[in-house]
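I have placed the structure first, in the form of structure tokens, so that the comments after it can refer back to it.
Every value quoted in this text rests on a predicted model; they were computed, and no experiment measured them. Counting convention: from 1, in listed order, for ligands and their atoms alike. Along the sequence shown, the residues carry numbers beginning at 1. Atoms considered below: every heavy atom in the structure, side chains included; atoms not considered: hydrogens, waters and symmetry mates.
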Amino acid sequence: MTDFVHVFQPPAAPDAPVLLLLHGTGGSEHDLLPLAEMLAPGAGVLSPRGKVLERGMPRFFRRLAEGVFDIADLKQRTQELADFVTESAATYKFSTRTLIAVGFSNGANIAGALLLLRHEVLGGAILFRAMVPLTPDTLPQIPGTPVLVSNGGVDPLVSAEETEHLAALLRSAGAEVTVAWQAAGHELTESDITTAREWLTKRPLLAR
Ligand code: MLT
């Protein structure tokens, strides 16, 4: 099996969702477990640790500078992560059709890349503080795929233009994108969690 250090917790009930947790720079496979419990109590989780180290801090792909990505590395790491998700679904017996990515910052950016390059491994995505990861050569067809982008109105790393660009890119691929603006910077806030929880409960098809 593709090797990612990871945590897997099965869903508490057969109809509970499974969340793919993708941490931010310097995080680990344990970081977002409390967030998952707040978003969807009893959800299953697959939580890998990013394999790239930037001065000792785990990430999901290399960057050349803050917000400037190594696109070749990002593409390769996206494929590797998608293969890991596919293999994990077979091993742990869950469906990728209803798998929801929950990514923060660097994790949100690779979740966006999964939607653009390997959308078959996800049923939807919650992206906290996301940027445009890359522009694909060919736009995927992901009609109706639900995506929540929850970004901060005063985020020094992600501008409003970047957020709108990401939403437009995903919408042009057919995704059903909700953009939620938080009165926040790059850090997650209580209202991110409330927004995401409400967004999830309005999508019972995902919560199976
Ligand atoms: C990234 O590198 O993905 C973004 O700059 C966000 C971050 O991880 O700081």
List every atom of ligand 1 that sits less than 4.0 Å from any heavy atom of N109, numbering the atoms from 1 in the order shown and giving each element. 1 (C), 3 (O), 4 (C), 6 (C)
Under a 4.0 Å N-O cut-off, is there an ion pair linking R129 with E162? no
If we only consider heavy atoms of F69, is any one of them less than 4.0 Å away from an atom in ligand 1? yes
Using distance alone, decide if ligand 1 has a nitrogen or oxygen within less than 3.5 Å of any nitrogen or oxygen in N106. yes
What protein heavy atom is closest to atom 9 (O) of ligand 1, reported as residue, atom name and distance in Å? R63 NH1, 3.1 Å
Before accepting this row, confirm whether a basic side-chain N of the pair D73/R63 lies closer than 4.0 Å to the acidic partner's carboxylate O. no
Going by the angle between their ring planes, with limits at 30° and 60°, are H6 and F84 parallel, tilted or perpendicular? perpendicular
Determine, stepwise, if the pair Q182 / N151 fulfils side-chain contact (heavy atoms from CB on, under 4.5 Å). CA-CA 6 Å; Q182 310 300 342; N151 276 7; over 6 Å; no
For the residue pair F60 and H23, categorise the inter-ring angle as parallel (less than 30°), tilted (30 to 60°) or perpendicular (more than 60°). tilted
So for ligand 1, is R59 a polar contact partner (N or O within less than 3.5 Å, distance only)? yes
At what distance, to the nearest 0.5 angstrom, does CG of L64 lie from CG of D70? 5.0 Å
Test item, G67 contacting ligand 1 (heavy atom, 4.0 angstrom): yes
Before accepting this row, confirm whether a basic side-chain N of the pair E80/K51 lies closer than 4.0 Å to the acidic partner's carboxylate O. yes
Under 4.0 Å from a heavy atom of T25: give me the atoms of ligand 1 that qualify, with their elements. 7 (C), 8 (O), 9 (O)
Would R129 count as a contact of ligand 1 if the rule is a heavy atom under 4.0 Å away? no
Numbered atoms of ligand 1 (with element) below 4.0 Å of S105, judged on heavy atoms: 6 (C), 7 (C), 8 (O), 9 (O)
